[in-house]
Amino acid sequence: MSLQLETVGLSKTFAHCTALDRVSFRFAPGRIHAVLGENGAGKSTLMKVLFGLYPPTSGEIRVGGEKFEWRSAREAISRGLGMVQQHFTLLENSTVIDNILVGAEVCSALGVLRRSEAIAQLEELLPMRHLSVPWDALVRDLSIGQKQRVEILKLLFRQAQVLFLDEPTAVLTPIEIEEFFVLLRKLRDSGRTIILITHKIGEVLAVCDTYSVLRQGRSIVQGEVKGAVAAEIVEAMIGRTMPDFAVARPAVHGQAALVTRELRVGDAHAEPGLSLHVQRGEIVGIAGVEGSGQSELVDALMGLREFHGSARLFDEELQNTSQVRGLGVALVPEDRLAQALWLEESCYTNMIIGLESAFLKHNIFKRAAIEGTTAAWAKEFDVRAGDLLAPVASLSGGNQQKLVFAREVGGRAPRFVICHQPTRGVDLGAIDLLHRKLVELRNQGLGVLLLSSELDELLKLCDRIYVFYDGQVSGEFTRAQFNRAQIGAAMTGVAHA
Amino acid sequence: MPKHIYVTIVSLFIGLALSLTLATILGENPGHVFLVLVRGAFGSATDVGYSLFYATPLLLSGLSVAWALQAGLFNIGADGQMTLGGVALAAIGILAHDLPMLVALPLALTLAFLVGGGWGALAGWMKARRGCHEVLTTILLNFIAYGLASFFILRVFKNPESQGPETAVVGGGFQIGALPQWIGGTSPANWTLALALCLIVIYGFIMGRTSLGYFQRLAGEAPQVAARAGVNIGRQTILAMFISGGLAGLAAASPVLGFAFKAREGFTSGVGFIGIAVALLGRKSPLGIVFAALLFGALTKGALELDMDTRFVSRDLATVIQALIVLAVASQVGLHNLWRKVTS
C-alpha cells in the first residue's frame, strides 16, 4: 500500500494572519520530498494541518486520491501518516522495544506484553539488517543517531506510509547523516512517501527527489531536484538572491585572550585535560561529535562547574559566573529554550537578563529606559517580533537566537564571546546575519570560541579549529590546513598526522 | 477576560455543584444547604465579620505559599512557620508585657516574621546546600515546629490559671483591635486584615516592578538562564524561603494577637495548608489571592451554620467544597479541553 498525499488550495487563517494561502502540493509515493522555507513561512502550520492538529480554513487534503478530513492526529496516524519531531519524544529510562511498543502494544489475551513477537515483526520491517538497534538497551544509552532510528521505527511499526521528518539532521554527525540518508533511500524504495522539512540546501540536493518551497504561506514552486540549481532554490525560499558570504577577514594580531591548561571536568574529559588557547581577533572552532566534552568545557569556562587545571581569561583565573561575566564574556548557550530565554516573559525582559543593573533606580525597573534601549538592540540585530511585549516564546527560532545575540553582543559590549551551536534551528536569513556578526566581532579584535556540530559552519568562520574526540583534543587545524576529510577523521578519533 | 479566569469560575461551580449533590444524596435539600451557607457567611454584619476573620490568616498564608511559588518553590511548611511565629508573638507579648502599642506591635510582628522566616530559610538552606527537596524538608520541619511550640506553650509560657494547653495572656499593647462595628459587627475581625491587604499590594508591586521580585521569579522560572547570567540561585532560594516563612509567621497575628490574645496549641487550624489552596486557586496573583482567601473564609463561616440548621451534613462540608474546588482547578487542563470541545 503506497499513498499519495496531496493538498489542493489549502488555506489556514488564524484570527489576524493567514498562515497558509492556497497551498497546493503533491507528494508522490516512493519519493523523497523536501519542504523548504524560512522560519515563519508556514512549514510547521502546513505539517500541523496535514497531521490533523489544526482544521484547514479551506481547501482539501487528499490521501491516495480521496478527500480526507480528519479531526485529530490519531486519525491521521490511522491513515498511515507519521511524524518525527525535531525534539525526540522518547522515554529515556525505558528500553528501545518498550519505547516502540508504547501505544501500540502487542499483547497476549491476558494483556501480557509479547516483546519477542514484536521484535520479530520489527526485524521484518527493518529495511537493512545493519541499521538494527539494540532492542533491550535503555534509550538514554543510545547515540543521537540511534535515537532517531528508534523514532522512525516507531512510525514503521504503526504502519506509517507517509513519513514527515522535521529537521532530522540537525543533531547528527556527518557519518550519522550518511547512514541516515541510506536509510531514507531504503524507505523510499519500499514505496513510502518521505517528506523532509529542512533548511539545508546541501541535503536537498544530496538525498531528495523533489523540492517544494513555501514563502509567506504560499506555495512558491514545486520541482524536481534533478537539474535544479541551489541558488534558484534559495532564491525561491527567501524571495531574493542570497548575497555571497564574502566578509573581509584582515589578520588581527592580538594577544592571548583565553588560555586553558589541562582543564578537566569530572569524567567528561580524559587525562591530562584540555589545553587550548584563543587569541584576540581570532575565531576558534571546536568540532566534534556531540557529547565529546564540549558542553562541559563551556560550563567550566562559565563558572558553572568545577574543574581541574587552569583557565585564564585576560590573565585572570576563572572562578565563578559573575566574575566571568564581569570580565566581559558573552555567552550564546547550546540550549536556547532552557539556557538562554525566560520563556514566560516578554522580549523586552529577555533582553535585559544579566544587564539588569543598568535599568534599575532604587531597585525599581525603569520601564521606559528598558523599552527604548532594547528596541534599538532588537533593530540592530533584526529581531522580528510584531510586538516586543509579546512573550519571547512566540518568536521563531531564528528571531529568538537573534534576540539572544542582541542581548549578549549588542547589550553587553563583550570582550570575549562563547557561542555554542549558535545556528541550530535557525533559518538561512538569520544564520547569514549571525555569521556576519561573528566575523565583525573578530575583526574588531574580540576572541570568539565557536562550538558547533556543523562542520560547514566552522570551516566558513574559523581561523583555527580544535577537534574533540571522547573528551580530548584529537586534532588542531589552522585555516590553511582546513580539510574536511582530515577533520572528519579526527572527529572519529583517528589522529591526524 | 483571560481563559484561566473562566476555568477558575467553572471550577468553583463544579466544586459547589458536586458538594451540593453529595448533600442531596445524604438527604438534604440542596437549595436549603446553599441558602444556609450564604446566610451564614453574609447574613449580617457580624456574619460578614466572621467571614473576614477567617479569611485574614488565609490571606497571609496564601501570600506565603504564593511567594515561594514565584521562586519555583513549594512551601508546604507554612503551617509550621505560622505556628512558631505565633509562639514568638505570645512569648514577646508575655516577656515585654508592658510595652506601649506603638513599640509593641512593630516589635512583635518583626519577631514573628523573623522566626517564621528563619524556619523557612532552614529548608531553603538545606535545598541550596545539599539539594534536599523543599517539599520533603518543609513537611518534616512542620512536625518539629509543632513539637517546639508544644514545649514553649506547655512548659515555658503556660498560663498557670488555665487547664487548657495555652500560654498566659499578652500585654495590652500587643492586642490588635477589632474592626469597627459597621464592618465586622461584633465579630473578632481585626486590623490584621488591613495589614494583610497592604502586604498583598506590596507583593504585587515587588513581583511586577522591582529587582527583588524579578530575580526571585527568574531563579524560579528559568534557573539555568539565571545561573548563566551570574545569579546565585542558592541565595535566591534561601531568600525566597525566608520571606515565604516570614509571611506565614505573620499569619499568626490575627488568631494570636487579634482574637485569643494568647497562643493555644493547634491555633493554626491548618491555615498554613489551606494557604496552598488559596495560592493555587488565586494563581499567585494579588487579586486572585484576595478572592480565594475571602471565598474560603466565607465558606468556613457559612459551614458553621450547617451544624445547627441541617440534619445530615456538618461544617465539614466546607472542607469537602474546598477540596473539590482545588481538584477541579488541578484538572483544569482537562476542563479546558472539554470547554474547547463544547464551544467549537
Side-chain angles (χ1 to χ4, degrees), chain A residues 54-55 71-72 295 298-299 301-305 319-327 329-346 348-367 370 391-393 404 407-408 411-412 418 420, chain B residues 1-4 66-67 69-73 128-131 201-237 239-240 243 283-285 288 333-334 336-344:
Chain A
Y54 294 151
R71 276 163 301 171
S72 73
S295 307
V298 173
D299 284 356
L301 294 178
M302 289 309 296
L304 297 166
R305 289 185 70 163
Q319 287 156 348
N320 60 59
T321 312
S322 52
Q323 175 233 9
V324 172
R325 289 296 204 172
L327 287 171
V329 173
L331 170 71
V332 178
E334 137 187 61
D335 185 343
R336 183 164 57 237
L337 297 180
Q339 298 170 344
L341 296 173
W342 186 356
L343 295 174
E344 292 86 347
E345 283 293 328
S346 68
Y348 286 125
T349 306
N350 270 278
M351 273 188 282
I352 65 160
I353 295 172
L355 310 165
E356 297 86 359
S357 55
F359 300 101
L360 285 168
K361 189 177 179 187
H362 307 307
N363 290 322
I364 295 169
F365 282 104
K366 298 183 283 186
R367 279 192 190 156
I370 294 174
V392 76
V404 174
R407 173 180 82 209
E408 297 290 326
R412 255 177 207 283
I418 300 175
H420 198 176
Chain B
M1 236 189 334
K3 268 183 209 143
H4 64 79
W67 186 290
L69 283 176
Q70 294 277 12
L73 299 163
R129 187 63 194 265
R130 286 268 172 217
V201 172
I202 294 171
Y203 160 83
F205 180 76
I206 288 179
M207 285 303 161
R209 299 290 305 275
T210 71
S211 58
L212 171 64
Y214 168 93
F215 283 117
Q216 292 270 285
R217 290 190 299 117
L218 177 61
E221 289 176 357
Q224 294 192 60
V225 179
R228 277 162 181 77
V231 175
N232 185 330
I233 303 281
R235 199 176 296 165
Q236 294 293 330
T237 301
L239 181 64
I243 295 174
R283 293 178 152 263
K284 303 182 283 186
S285 87
V333 177
H336 185 75
N337 290 345
L338 200 70
W339 177 255
R340 266 206 334 213
K341 280 221 174 106
V342 170
T343 51
S344 70

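If you're wondering where the values come from, they're calculated on a predicted model, not measured in any experiment. Below, read A as the first sequence line, B as the second, and so on, with proteins coming before strands; counting in each chain starts at 1.
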Examine whether an atom of A:I364 lies under 4.5 Å from a heavy atom of chain B, and if so say whether it belongs to the side chain, the backbone or both; otherwise answer neither. both
Begin from the C-alpha positions of A:E344 and B:R217 and carry the test salt bridge (charged side-chain N to carboxylate O under 4.0 Å, His left out) through to its verdict. CA-CA 10 Å; A:E344 292 86 347; B:R217 290 190 299 117; over 6 Å; no
Using heavy-atom distances under 4.5 Å, tell me whether A:L337 contacts chain B through its side chain, its backbone, both, or neither. neither
Find the distance between CG (A:L360) and CZ (B:R209) and round it off to the nearest 0.5 Å. 11.0 Å
Is A:N320 close to chain B through its backbone or its side chain, or both, or neither, when contacts mean heavy atoms under 4.5 Å? neither
If one checks every heavy atom of B:Y214 against chain A at 4.5 Å, the contacting part turns out to be both
The test is side-chain contact (heavy atoms from CB on, under 4.5 Å); show your working for B:Q224 and A:L341 and say whether it passes. CA-CA 9 Å; B:Q224 294 192 60; A:L341 296 173; over 6 Å; no
Heavy-atom cut-off 4.5 Å, strictly under: side chain, backbone, both or neither for A:L331 against chain B? side chain
Could you list all the salt bridge (Lys or Arg N to Asp or Glu O under 4.0 Å) pairs where at least one residue sits in residues 349-363 of chain A, not counting sequence neighbours? none
Minimum heavy-atom separation for A:S322 to B:G230, with atom names? CB-O, 4.0 Å
Closest contact, heavy atoms only, A:M302 versus B:R228: CE-O, 4.2 Å
Where on B:I206 is there a heavy atom nearer than 4.5 Å to chain A: the side chain, the backbone, both, or neither? neither
Under 4.5 Å from a heavy atom of chain B, the part of A:E345 involved: side chain
Less than 4.5 Å to any heavy atom of chain B: does that hold for the side chain of A:A340, its backbone, both, or neither? backbone
